[in-house]
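One structure is given here, and the rest of the page talks about it.
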Amino acid sequence: MENQVTIREAVKENDVALFWEQLHIYYKRDIFSDPENEERDYFLSDEHRATIQKIHDRPQDQCYYLFFSRGEQDIGFAMPVIYTSEDGKCFIMEYCVYPKFRGSGIGRECAKVLLDWAKENGALYVELNYGGDVRREHFWQSIGFIKNGANGWGEPLMILPPKDDMPFNVEILGDPTDWQLLKLENGFKKEIGEEVLTEEKQKQLQRAIKEGKITFFIAKRGYRAVGMCSIAKCYSTFSCTDTGVYDDFYVEPAFRKKGIARKLVQTAQAWCRENSISSLTVCCAPCDEKMYQALGFDIGLGTTFAHIE
């Protein structure tokens, strides 16, 4: 049909050049409209293009340069990556409908065509960074996406959740530098209104994990980490043995109410028993008391006061 939106991959040299021309126009017009923005120069640089080209050219989990077309006219573009070697995530790196074609539902139509294309190419679910922009948030919500944590840089993410019932498992974090831990930590901190981890704090956390001061438990859905909790050891003079403090309790919003929270707690409690940790305590806000009581933290220890320099 003449008005049907289709996808055309940029493969030929002139098409690739056109894609990058439009991508740079999009960056300058829609993303970094302030010429003083510190990130603008990088995204318009040859260095950024070379980095993306490497992802495009790699044999697996590559990104695609796609145009949306109607008839013989290009009306926008997208740059998705499909991680077939991991858990089938399609991450939409860039998405744009040209200004003169916006409105009248064209954006939604292009998005749905892109989602169909992703599914046909092995994607099981879709994720994107909407930059905290309210207009983009509402647009993707209208297609079925929900807000879901943050990435390793603390930028807010949205997800079109997977529909399959892949099982979850909980494992102890082995690699302190695992990028998925940083993603979960930043999602957790954004949700409770705290600043995301700086590079210095990331290093401090990694050092504490390596030294055994804190142990993280990660809930995974196949490859993807979707939840976490941690236990920090403390020596108690009351019991003259190690006790544990339960912290960093977080499950990504899209994967809640699936039993993951209980599985995390049960795994942490079993680990405490195996490692002769006599008790496990948690400090929480009053609004969370019933949740923790339902998870087995049912002995009140009075009121906790803190002095923070």
Side-chain angles (χ1 to χ4, degrees), residues 81 83 86-92 124-132 145-162 166-232 244-271 280 282-285 288 291-292 295:
V81 184
Y83 293 90
E86 296 178 1
D87 61 344
K89 175 178 72 178
C90 172
F91 193 88
I92 301 175
L124 299 179
Y125 68 100
V126 185
E127 191 171 40
L128 55 87
N129 165 20
Y130 68 100
F145 284 71
I146 62 174
K147 293 198 290 185
N148 194 59
N151 63 18
W153 295 272
E155 298 166 336
L157 299 174
M158 299 186 78
I159 188 172
L160 187 64
M166 185 181 291
F168 299 91
N169 68 287
V170 177
E171 58 189 52
I172 295 176
L173 177 71
D175 179 7
T177 63
D178 189 335
W179 67 271
Q180 294 207 78
L181 172 64
L182 180 58
K183 176 176 72 80
L184 291 172
E185 275 288 335
N186 282 341
F188 173 51
K189 289 185 178 298
K190 294 280 280 191
E191 185 166 303
I192 63 176
E194 297 288 335
E195 293 293 324
V196 299
L197 292 175
T198 62
E199 286 190 20
E200 179 58 31
K201 288 187 176 181
Q202 291 174 35
K203 292 176 182 177
Q204 292 172 350
L205 178 60
Q206 291 166 7
R207 191 180 309 121
I209 296 171
K210 288 178 181 178
E211 294 173 355
K213 294 179 180 179
I214 187 167
T215 300
F216 273 87
F217 301 83
I218 305 296
K220 287 191 168 184
R221 179 189 178 276
Y223 172 84
R224 183 190 179 99
V226 298
M228 67 175 181
C229 66
S230 68
I231 295 177
V245 177
Y246 191 78
D247 203 358
D248 299 295
F249 188 33
Y250 174 72
V251 177
E252 289 184 333
F255 300 98
R256 293 173 185 172
K257 298 183 179 180
K258 297 180 182 294
I260 298 173
R262 187 169 297 279
K263 206 164 192 175
L264 280 166
V265 172
Q266 290 173 343
T267 303
Q269 290 170 337
W271 181 86
L280 187 61
V282 64
C283 180
C284 68
D288 291 330
M291 174 189 72
Y292 280 108
L295 292 170

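On a predicted model such as this, the values are computed, not experimentally measured, just so you know.
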A side-chain contact here means heavy atoms from C-beta on lying under 4.5 Å apart; do L184 and E252 qualify? yes
Within-4.5 Å side-chain heavy-atom neighbours: F255 and P162: yes
Between Y83 and Y223, is the ring centre distance below 6.0 Å? no
Test side-chain contact (heavy atoms from CB on, under 4.5 Å) applied to V196 - qualifying residues, sequence neighbours left out: N186, K190
What is the distance from atom CZ of R262 to atom CD of Q269, rounded to the nearest 0.5 Å? 9.0 Å
I need the minimum non-hydrogen distance between L124 and D87, along with the two atoms involved. CD1-O, 3.7 Å
Interatomic distance, CZ@F216 vs CG@D178, rounded to 0.5 Å, equals 11.5 Å
So, the side chain of K263 versus the backbone of F168: is there a donor-acceptor pair under 3.5 Å, distance only? yes
Using side-chain heavy atoms (C-beta onward) and a distance below 4.5 Å, is N151 in contact with F91? no
For K210 versus P176, what's the shortest heavy-atom pair and its separation? CG-CG, 3.7 Å
Going by the angle between their ring planes, with limits at 30° and 60°, are Y292 and F249 parallel, tilted or perpendicular? tilted
Shortest non-hydrogen contact between A225 and K183, atoms and distance: O-NZ, 3.4 Å
Between the CD atom in E195 and the CG atom in L197, the distance rounded to the nearest 0.5 Å is 10.5 Å
Do L181 and I209 make a side-chain contact, defined as non-hydrogen atoms from C-beta onward lying under 4.5 Å apart? yes
Nearest non-hydrogen partners of A268 and C229, listed with the distance: CB-SG, 4.2 Å
Chi angles and distances behind the side-chain contact (heavy atoms from CB on, under 4.5 Å) call for D248, I214: CA-CA 11 Å; D248 299 295; I214 187 167; 3.9 Å; yes
Heavy-atom distance under 4.5 Å between the side chains of M228 and E185, does that happen here? yes
Who passes side-chain contact (heavy atoms from CB on, under 4.5 Å) against L160, sequence neighbours left out? L115, V126, F145
Once rounded to the nearest 0.5 Å, what's the spacing between atom OG of S230 and atom CD1 of I172? 12.5 Å
Heavy-atom side-chain proximity of R224 to Y125 below 4.5 angstrom: yes
Enumerate the residue pairs fulfilling salt bridge (Lys or Arg N to Asp or Glu O under 4.0 Å) with a member in residues 196-208, sequence neighbours excluded, ordered by first and then second residue. none
Would the distance check show the side chain of N148 and the main-chain N or O of I159 forming a donor-acceptor pair, the cut-off being under 3.5 Å? no
Once you measure the plane-to-plane angle for F217 and W271, does it fall in the parallel (<30°), tilted (30-60°) or perpendicular (>60°) bin? perpendicular
Mind listing the closest non-hydrogen atom pair of G132 and P156 along with its distance? N-CG, 3.4 Å
When rounded to the nearest 0.5 Å, the distance separating CZ of R221 from CG of N169 is 12.0 Å
Do the charged groups of E191 and K147 touch, with an N to O distance under 4.0 Å? no
Quick one, V251 and L264 - any side-chain contact, counting heavy atoms below 4.5 Å? yes
For the residue pair C283 and V245, establish whether any side-chain heavy-atom pair is separated by less than 4.5 Å. no
More than 12 non-hydrogen atoms from neighbouring residues, nucleotides or ligands closer than 6.0 Å to CH2 on W153, yes or no? no
